[in-house]
Amino acid sequence: MDATRSYWLVKSEPSKYSFGDLVLDGRTIWDGVRNAQAAIYLRAMRLGDEVLYYHSREDLSVVGTAIVTRESFTDPSDATGRFVAVELSPGESLNQPVSLRAMKENPALADMIMFRQFRLSVTPVTAEEWRVILAMSNSEV
DNA sequence: GCCAACGTTGGC
DNA sequence: GCCAACGTTGGC
């Protein structure tokens, strides 16, 4: 953990783009986000920020981590120019996935923004939440 | 597959 | 500029 760094959580449906796909690709442009609040978070991402990779709809678990390897730029897939993308590269695969259920049951995670705005595909994570989730996964990061 | 949540669009 | 209709997301 590094105090100069911010932490985030991104959601992806594994049938569309899974953590395994990111590992195979080595890096990916995180584009297609069309929500104003999520775009604010994307703009706040800095090089080296760390990201929890969550599988929505199917696994309902955090399965790995990723690193911001390019800061926000105009989303090439957005004709209006209003939205931005970042580049993510794979970090670590978690030893054990951390399920949504387990996160909801952990009082230390009760204030996570992903619970309050469940449809946001990009949300901030506090350093403490990051530490707790990584501990739950039995991973050393 | 259903549907609640909620952001966006467009007619007025 | 309101708000009903519509579309999308994602937990269940």
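Of the candidates B:dG7, C:dC12, C:dG10, the closest approach to any side-chain atom of A:Phe118 belongs to C:dG10. Which of C:dG7, C:dC12, B:dT8 sits closest to the side chain of A:Arg119 comes down to C:dG7.
The residue A:Lys16 sits apart from the nucleic acid: no heavy atom pair falls under 4.0 Å. Contact annotation for A:Tyr54: backbone-only contact, meaning every heavy-atom pair under 4.0 Å involves sugar-phosphate atoms and none involves a base.
Summarising the geometry, the separation between CG on A:Leu120 and P on B:dA4 is reported as 21 Å, rounded to the nearest angstrom. With rounding to whole Å, A:Gln117 atom CD is found 8 Å from B:dC6 atom P. In this structure, the CZ atom of A:Phe83 is 12 Å from the P atom of B:dG7, given to the nearest Å. Between the P atom of B:dG1 and the CD atom of A:Glu58 lies a distance of 12 Å, rounded to the nearest Å. Taking atom CE of A:Met103 as the reference point, atom P of C:dG10 lies 13 Å away to the nearest angstrom. Per the geometry, CD belonging to A:Glu105 stands 15 Å off C1' belonging to C:dG11, to the nearest Å. Residue A:Ile113 contributes atom CD1, which lies 14 Å from atom P of B:dC6 at whole-angstrom precision. Spacing between atom CE of A:Met114 and atom C1' of C:dG10 amounts to 10 Å, rounded to whole angstrom units.
Aromatic rings from A:Tyr41 and A:Trp30 are positioned such that their centres are separated by 6.0 Å or more.
At a threshold of 4.0 Å, the pair A:Arg82-A:Asp75 does not count as salt-bridged, since none of the basic side-chain nitrogens sits closer than that to a carboxylate oxygen.
With hydrogens and angles ignored, a donor-acceptor pair closer than 3.5 Å exists between the side chain of A:Arg57 and the base of C:dG11. Side-chain N/O atoms of A:Arg34 and base N/O atoms of C:dT8 include no donor-acceptor pair closer than 3.5 Å.
A:Arg119 and A:Ser56 share no donor-acceptor pair across their side chains, judged by distance under 3.5 Å alone. A:Asp25 and A:Tyr17 form a side-chain donor-acceptor contact under 3.5 Å, judged by distance and modelled atom types alone. Of the N and O atoms on the side chains of A:Ser15 and A:Glu58, at least one donor lies less than 3.5 Å from an acceptor on the other residue.
When each of A:Arg82 and A:Arg116 is assigned the nucleotide of DNA chain B with its nearest heavy atom, A:Arg116 is the one assigned upstream, toward the 5' end.
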